[in-house]
Amino acid sequence: MIGIILSGHGHFASGLYSSIKLIAGEQENFEIIDYEEGMSADTLATRIEGAIQNLSSLKDIVVFTDIAGGTPFNESAKLSVAHGNVRVLSGTNAPLLLDSCFKRNVSIDEFMEEIMQSGKEGVKVFKVK
C-alpha cells in the first residue's frame, strides 16, 4: 500500500480530506497536515517528517500538496531528498485524491501516472450550448 500525506495552506488538507472521507470512507495510512496561519516552515517540516515516520513501514509515500513552490510543497520536497521512498505532488484536487484512495496497491510509477491523469480529467468547464 502507498502511504499518503496531504498538506496545504490553511485548512486545505483537512477540508479536502473531509470530502474524501464522506465519499470513500475513513482512509488508513493517510496523514493530514494543515499549514495554518502563524505556523513556521520548520514546524511544518517537523510535522511532515513525523507523518513520514508514521508511514515508514510502507514501501512508498506520496505527499500531496496544493501549490508548487508553496511552503508545504517546498518542505515536502526537501524531506523527499532524505527519504528515497517519498514523492511529492502539487496541484492536488478532489478527483485526483479520490482516485488515489482506490489505487494504492499498484507500483509507485503506475500510481503517479494514473492519479495525474485523474487530476487532469477532473477539471471541467460547464458550458450552456
Side-chain angles (χ1 to χ4, degrees):
M1 172 176 275
I2 295 169
I4 294 175
I5 300 170
L6 176 60
S7 187
H9 294 83
H11 295 281
F12 174 82
S14 57
L16 187 53
Y17 183 70
S18 70
S19 295
I20 296 303
K21 190 169 75 170
L22 182 65
I23 297 165
E26 192 77 39
Q27 298 297 304
E28 64 179 300
N29 298 311
F30 196 119
E31 300 276 332
I32 302 148
I33 304 167
D34 286 324
Y35 180 49
E36 299 178 281
E37 187 173 347
M39 181 186 289
S40 71
D42 289 339
T43 299
L44 177 64
T46 299
R47 290 185 182 175
I48 294 169
E49 177 65 35
I52 290 170
Q53 294 307 315
N54 289 345
L55 300 172
S56 64
S57 65
L58 302 173
K59 182 178 177 192
D60 295 296
I61 299 168
V62 178
V63 183
F64 292 85
T65 67
D66 53 356
I67 303 167
T71 305
F73 178 86
N74 292 343
E75 295 304 317
S76 298
K78 289 179 201 174
L79 289 168
S80 73
V81 173
H83 298 278
N85 68 329
V86 175
R87 305 246 183 134
V88 182
L89 181 141
S90 69
T92 304
N93 61 29
L96 179 151
L97 193 60
L98 184 61
D99 197 33
S100 74
C101 294
F102 299 109
K103 295 187 175 172
R104 296 169 69 186
N105 291 312
V106 298
S107 73
I108 189 65
D109 291 330
E110 183 179 349
F111 178 81
M112 297 302 287
E113 186 176 316
E114 289 185 14
I115 62 169
M116 289 288 294
Q117 189 63 36
S118 296
K120 291 174 187 175
E121 290 174 1
V123 176
K124 307 284 184 196
V125 175
F126 173 77
K127 291 183 186 179
V128 177
K129 293 184 181 189

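- Between S100 and I4 the shortest heavy-atom distance is OG-CD1, 3.5 Å.
- Following chains of ILVMFWY side-chain contacts shorter than 4.5 Å, one cannot reach L6 starting from I33, and the two form parts of different hydrophobic clusters.
- Under a hydrophobic clustering in which Ile, Leu, Val, Met, Phe, Trp and Tyr are joined whenever their side-chain heavy atoms come within less than 4.5 Å, directly or via other members, L79 and V86 fall into the same cluster.
- The two atoms that bring L55 and I5 nearest to each other are CD1-CG1, 3.7 Å, heavy atoms only.
- Counted within 6.0 Å of CD on E36, heavy atoms from surrounding residues, nucleotides or ligands total more than 12; the atom is thus considered enclosed.
- A donor atom on one side chain and an acceptor atom on the other are not found under 3.5 Å apart for E113 and Q117.
- Contact check for F111 versus D60: no side-chain heavy atoms found under the 4.5 Å cut-off.
- R87 places no side-chain N or O within 3.5 Å of a backbone atom of V62 that could act as its donor or acceptor partner.
- Atom CE of M116 has 12 or fewer neighbouring heavy atoms from other residues, nucleotides or ligands inside a 6.0 Å radius.
- Using a 4.0 Å cut-off between charged side-chain N and carboxylate O, R47 and D34 make no salt bridge.
- A41 and Y35 get closest at one heavy-atom pair: N-OH, 4.2 Å.
- Using modelled atom types, no side-chain atom of E121 and backbone atom of G119 make a donor-acceptor pair closer than 3.5 Å.
- The heavy-atom pair separating P95 from S118 by the smallest distance is CB-O, 3.9 Å.
- When the options H11, E26, Q27 are evaluated for a side-chain hydrogen bond (donor to acceptor under 3.5 Å, both in side chains) with Y17, the one that passes is E26.
- Listed by first and then second residue, the salt bridge (charged side-chain N to carboxylate O under 4.0 Å, His left out) pairs involving residues 62-82 are E75-K78 (not counting sequence neighbours).
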